[in-house]
Amino acid sequence: METMIAKCGIDCAQCDAYKATIEDSDELRVKTAQQWSKMFGHQIDPITINCMGCQSQETLFSHCQVCGIRSCANEKGLTTCADCPDYGCEKVQQIWNHDGKIKENLERLRA
Ligand code: SF4
Ligand code: SF4
């Protein structure tokens, strides 16, 4: 089964954009857009809350489409940063600093 762990270690299965997409819930799209508009500091339209996870080649939320960690891992042909020789680089540490669980997910893949 394809992993739901993002390149950086985020568990996309727990992400509200993913949940709103698989449940096709407009209520959750609105709630998520409100929360993320505050978090990112600009208005996010609920209709853009559609994502099948970082490993998806098709349906991906706009911010994650332009994610530097995702493109870096893709360029190296890696499923996640867990397999990278430069594991723990400055770029990925920035996102780990938001939530310790993100790094733990990659540590589990490395074990
Ligand atoms: S790739 Fe999609 S599911 Fe994963 S964190 Fe980004 S928005 Fe959420
Ligand atoms: S260099 Fe950093 S961001 Fe790029 S794949 Fe390796 S760990 Fe991930």
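Values reported hereafter were calculated over all heavy atoms of this structure, with side chains retained and with hydrogens, waters and symmetry mates removed. For ligands, and for the atoms within them, numbers begin at 1 and follow the listed sequence.
Partner of R29 under the side chain to side chain contact (heavy atoms under 4.5 Å, CB included) criterion, chosen from D16, T48, D24, D45: D24.
If you check each of A82, P85, C89 against atom 2 (Fe) of ligand 2, the one with the closest non-hydrogen atom is C89.
The proximity of K7 to ligand 2, defined as any non-hydrogen pair under 4.0 Å, does not occur for either the backbone or the side chain.
In the vicinity of Y18, heavy-atom distances shorter than 4.0 Å reach the ligand 1 atoms 3 (S). If you number the atoms of ligand 1 from 1 as listed, the ones under 4.0 Å from a heavy atom of C51 come out as 1 (S), 2 (Fe), 3 (S), 7 (S). Set against the non-hydrogen atoms of I10, the atoms of ligand 1 under 4.0 Å away are 5 (S). Applying the 4.0 Å criterion to heavy atoms of C54 picks out, from ligand 1, the atoms 1 (S), 4 (Fe).
Note on C8: not counted as a metal contact of atom 8 (Fe) of ligand 2, no N/O/S atom lying under 2.8 Å. For atom 4 (Fe) of ligand 2, the N/O/S atoms of C72 include one lying under 2.8 Å.
Counting only heavy atoms of the protein, atom 4 (Fe) of ligand 1 lies nearest to C12 SG, 2.3 Å. Of all protein heavy atoms, the one closest to atom 8 (Fe) of ligand 2 is C81 SG, 2.3 Å. When only non-hydrogen protein atoms are considered, atom 6 (Fe) of ligand 2 lies nearest to C84 SG, 2.4 Å.
Using cut-offs of 30° and 60° on the angle between ring planes, the pair H42 and H63 is parallel.
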